[in-house]
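In this text the structure is predicted, and so the values were computed from the model without any measurement. Chain naming here is simple, since letters A, B, ... match the order of the sequence lines and numbering starts at 1 in each.
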Protein chains: 2
Amino acid sequence: MADDTDLDALSECALAEMARVRPVLDKIADKWTILILTVLCPRPARFNAIMRRLDGITHKALADALKRLERNGLVTRTVLPTAPIGVEYAITPLGHSLRQPFEALCTWALDHGAAIEAANHEHDSIKARQ
Amino acid sequence: MADDTDLDALSECALAEMARVRPVLDKIADKWTILILTVLCPRPARFNAIMRRLDGITHKALADALKRLERNGLVTRTVLPTAPIGVEYAITPLGHSLRQPFEALCTWALDHGAAIEAANHEHDSIKARQ
DNA sequence: CGGTATCCTTTCGGATACTG
DNA sequence: CAGTATCCGAAAGGATACCG
């Protein structure tokens with residue numbers, strides 16, 4: 001019973017931590033956030049330049065994502081004094097700091113993606129046999 | 001122009017890597033996956049035990065999430081020979097390996113959550129002034 | 001107890017069109 | 001070029017009820 005209490009305490013602590021983590025992750029984790037940051041990482045880019053790089057993203061999705069990124073302080077938005085008007089988006093230090101933990105996730109995905117695929121196929125074949 | 005080519009190559013490489021990473025992340029990244037793994041990390045648990053721990057999750061959401069986790073080889077499902085019937089879920093080594101990269105993300109969230117909050121408020125107050 | 005099926009509401013994403 | 005508004009179908013999420 002003493003063991004149970006200890007384990008409960010640990011798990012409870014982790015779950016309590018999650019309560020603070022979740023709202024943050026909800027803000028940054030959408031379909032395009034990471035891809036946009038990847039594009040902006042080497043250098044700033046303009047709206048249509050980003051769109052050309054991200055094959056498949058729609059006008060609206062990019063506009064929404066950039067608005068959220070700007071609001072969260074991960075990118076900056078600068079209107080250029082050109083004609084016709086131009087807008088340049090650049091990654092902030094805060095946005096840049098996100099790349100390291102995200103790369104840890106990427107590494108995991110690259111390392112274990114095959115294992116997940118294998119588990120999928122095994123699971124499916126077992127179900128098919130039944 | 002030579003610089004541009006190099007930067008393009010780097011960015012192109014990162015985007016190409018993303019193409020392999022994305023399908024994996026799509027499989028594991030939903031609202032409850034991480035919380036469930038957190039609960040199961042110290043020791044296995046049964047369906048309703050998990051549900052009691054995760055405040056707010058619905059019956060259906062938990063059932064769906066567990067099915068996906070099992071299919072991806074992140075948890076195991078064991079029917080207990082009890083009456084009434086019981087089912088125990090346990091984390092696999094593969095599931096356990098996911099915790100390290102995820103904790104990197106948690107650390108980032110805990111470290112920079114305040115900065116994002118601040119950016120939100122600053123952004124809102126600027127907009128309100130206009 | 002564990003799980004599925006159903007229904008219903010809300011959200012999301014794509015397509016299109018229009019403004020500065 | 002950048003951005004907004006609108007419409008619409010698809011998908012997600014919650015509540016409920018029922019089966020093994």
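- One atom, CD of B:E70, and another, C1' of C:dT4, lie 15 Å apart when rounded to the nearest Å.
- If you measure from atom CG of B:L80 to atom P of D:dG20, you get 21 Å, rounded to the nearest angstrom.
- Under 4.0 angstrom from either OP1 or OP2 of C:dG3 there lies at least one side-chain N or O belonging to B:Y89.
- Salt bridge absent: A:K60 and A:D64 never bring a charged side-chain N and a carboxylate O closer than 4.0 Å.
- When each of A:I34, A:T33, A:L40, A:V39 is paired with A:I36, the side-chain contact (heavy atoms from CB on, under 4.5 Å) condition holds for A:L40 and for no other.
- A straight line from CD1 of B:I50 to P of C:dC1 spans 14 Å, rounded to a whole angstrom.
- Note on A:R77: a side-chain N or O is less than 4.0 Å away from OP1 or OP2 of D:dG3.
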inquiry  = If you apply the rule side-chain contact (heavy atoms from CB on, under 4.5 Å), what do you find for B:L35 with A:R22, and how did you get there?
reply    = CA-CA 9 Å; B:L35 289 173; A:R22 275 292 307 284; 3.5 Å; yes
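- Out of C:dG14, C:dT6, C:dG3, the shortest distance to the side chain of B:F47 is found at C:dG3.
- With respect to A:K27, the side-chain contact (heavy atoms from CB on, under 4.5 Å) criterion is satisfied by exactly one of A:L74, A:N72, A:L69: A:N72.
- The distance from atom NZ of B:K31 to atom C1' of C:dT11 is 12 Å, rounded to the nearest whole Å.
- When rounded to the nearest whole Å, the span between CG of A:D64 and C1' of C:dT11 equals 13 Å.
- Comparing C:dA15, C:dC1, C:dG3 by their nearest atom to the side chain of B:N48 picks out C:dC1.
- For C:dT4, one of the phosphate oxygens OP1 or OP2 lies less than 4.0 angstrom from a side-chain nitrogen or oxygen of B:K67.
- The B:I85 side chain lies nearest to C:dG2 when the options are D:dG14, C:dG2, C:dG14.
- Between B:A61 and A:A49, the residue anchored nearer the 5' end of DNA chain D, judged by the nucleotide with its closest heavy atom, is A:A49.
- Across the protein-nucleic acid pair, A:I57 atom CD1 and D:dG3 atom C1' stand 14 Å apart, rounded to whole Å.
- Regarding A:D26, its CG atom lies at a distance of 15 Å from the C1' atom of C:dT11, rounded to whole Å.
- Between the CE atom of A:M51 and the C1' atom of C:dA15 there is a distance of 11 Å, given to the nearest Å.
- In this structure, of C:dG3, D:dC1, C:dG14, it is D:dC1 that holds the atom nearest to the side chain of A:P84.
- Mapping A:D30 and A:H59 onto DNA chain C by nearest heavy atom places A:D30 closer to the 5' end of the strand.
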task = Report the C-alpha separation of B:M51 and B:T58 in whole Å, then their side-chain angles, then the decisive distance to 0.1 Å, and conclude whether the side-chain contact (heavy atoms from CB on, under 4.5 Å) test is met.
result = CA-CA 8 Å; B:M51 198 166 158; B:T58 60; 5.8 Å; no
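- With distances taken from any side-chain atom of B:K60 to the nucleotides D:dG13, D:dA2, C:dG13, the minimum falls on D:dG13.
- Within the 4.0 Å cut-off from OP1 or OP2 of C:dG2, at least one side-chain nitrogen or oxygen of B:R46 is found.
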